[in-house]
Amino acid sequence: MIVLQLADFHVRGDDRLSFRVVNTRHCLNETVAHLKTLEQEPDALVLTGDLADSGDEKAYRILHASLSALGWPTYAIPGNHDRRDRMRDLLPGWCPADSDVAPYICYTVENGPVRLVMIDTMNPGSHDGRCHAAVMTWLDETLAQRPHMPTLLFMHHPPFATGFPVMDVPVENVDALAAVIRKNPLTRLCCGHIHRPILGQWMGVPAVTAPAVSMQMEFDLGEKGGDEFRLETPGYLLHHWKHGVLNTHVCQIATRASFAGPYPFTDSVNPG
Ligand SMILES: [Fe+2]
Ligand SMILES: [Fe+2]
């Protein structure tokens with residue numbers, strides 16, 4: 001079983017550059033061209049948030065048209081630059097949200113040996129994440145249904161400290177998530193938002209962040225770390241299950257990356 005995790009497209013529906021620097025539609029096209037060259041077809045694509053740069057409708061239409069052309073099952077959760085209502089309306093089939101936990105976009109995909117569980121940590125109008133009480137109740141009950149099944153848990157905001165101080169605003173109500181994860185040791189946390197791969201451990205389980213398919217976070221662990229980006233090689237995660245082993249590969253997208261930067265996240269929008 002192969003699951004590709006793609007994060008942080010930041011697609012714009014207008015012709016402007018994301019953060020005044022990056023042509024994210026070009027990044028999307030390069031990503032799709034790369035995916036078409038893969039030897040093994042994935043069983044699913046999971047998009048872990050910041051699909052749009054400012055939640056505009058046309059961005060979702062562009063993204064849906066581009067990735068649908070691949071013909072692979074695709075699933076999405078929102079990030080801080082997204083709008084739930086537009087994702088539901090404009091990404092048909094990609095957000096099969098459980099109505100029990102509306103308006104949050106949470107659901108499971110259980111047609112393979114690894115269970116995929118998607119949760120919504122978006123807090124409209126805010127850059128930072130929140131473990132909504134209703135989502136945590138839903139997650140607790142959902143994971144309890146199959147406690148012995150290996151599980152990839154996808155969420156936009158990482159619940160763990162990344163070491164990039166500007167990004168390390170604690171996720172609200174994160175203790176509720178910690179309590180659920182402690183009961184489910186076969187879970188792997190798969191996040192976006194950081195625009196750089198990190199392999200960590202949180203509450204006893206593996207925890208990873210995906211590189212972005214667009215701009216990468218500047219590598220700076222100093223005081224200002226997490227506030228700038230650089231045009232490094234984009235990438236994604238490939239989760240591979242075979243013979244009872246679950247590996248997460250960090251993959252690169254072949255581009256002529258300039259490594260220009262660092263640049264600030266100018267004009268950042270978190271839709272309300
Ligand atoms: Fe992002
Ligand atoms: Fe984000």
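In listed order, ligands and their atoms are each counted from 1.
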Verify the distance test for His156 against the Fe ion (ligand 2): any N/O/S atom under 2.8 Å, yes or no.
yes
Test applied, side chain to side chain donor-acceptor pair (under 3.5 Å); reference residue, His195; option that passes from Gln216, His10, Arg230
His10
Taking the side chain as every heavy atom from C-beta outward, state whether Leu189 and Pro159 have any atom pair closer than 4.5 Å.
yes
Polar side chain donor-acceptor pair, Gln5 to Thr48, under 3.5 angstrom:
yes
I'd like to know if the Fe ion (ligand 1) has an N/O/S atom from His81 within less than 2.8 Å of it, counting both backbone and side-chain atoms.
no
Is the distance between the Fe ion (ligand 2) and the nearest N/O/S atom of His157 smaller than 2.8 Å?
no
Quick check: of its N, O or S atoms, which one does His193 have closest to the Fe ion (ligand 2)?
ND1
side-chain contact (heavy atoms from CB on, under 4.5 Å) assessment of Leu177 paired with Met136
CA-CA 6 Å; Leu177 178 64; Met136 293 300 102; 3.7 Å; yes
Provide the atom name of the closest N, O or S atom of Asp8 relative to the Fe ion (ligand 1).
OD1
Do other residues, nucleotides or ligands put more than 12 heavy atoms under 6.0 Å from Glu110 CD?
yes
Between Asp89 and Met87, is there a side-chain heavy-atom distance shorter than 4.5 Å?
no
Would one find an N, O or S atom of Asp50, in either backbone or side chain, under 2.8 Å from the Fe ion (ligand 2)?
yes
Give a yes/no answer: is there an N/O/S atom of His10 under 2.8 Å from the Fe ion (ligand 1)?
yes
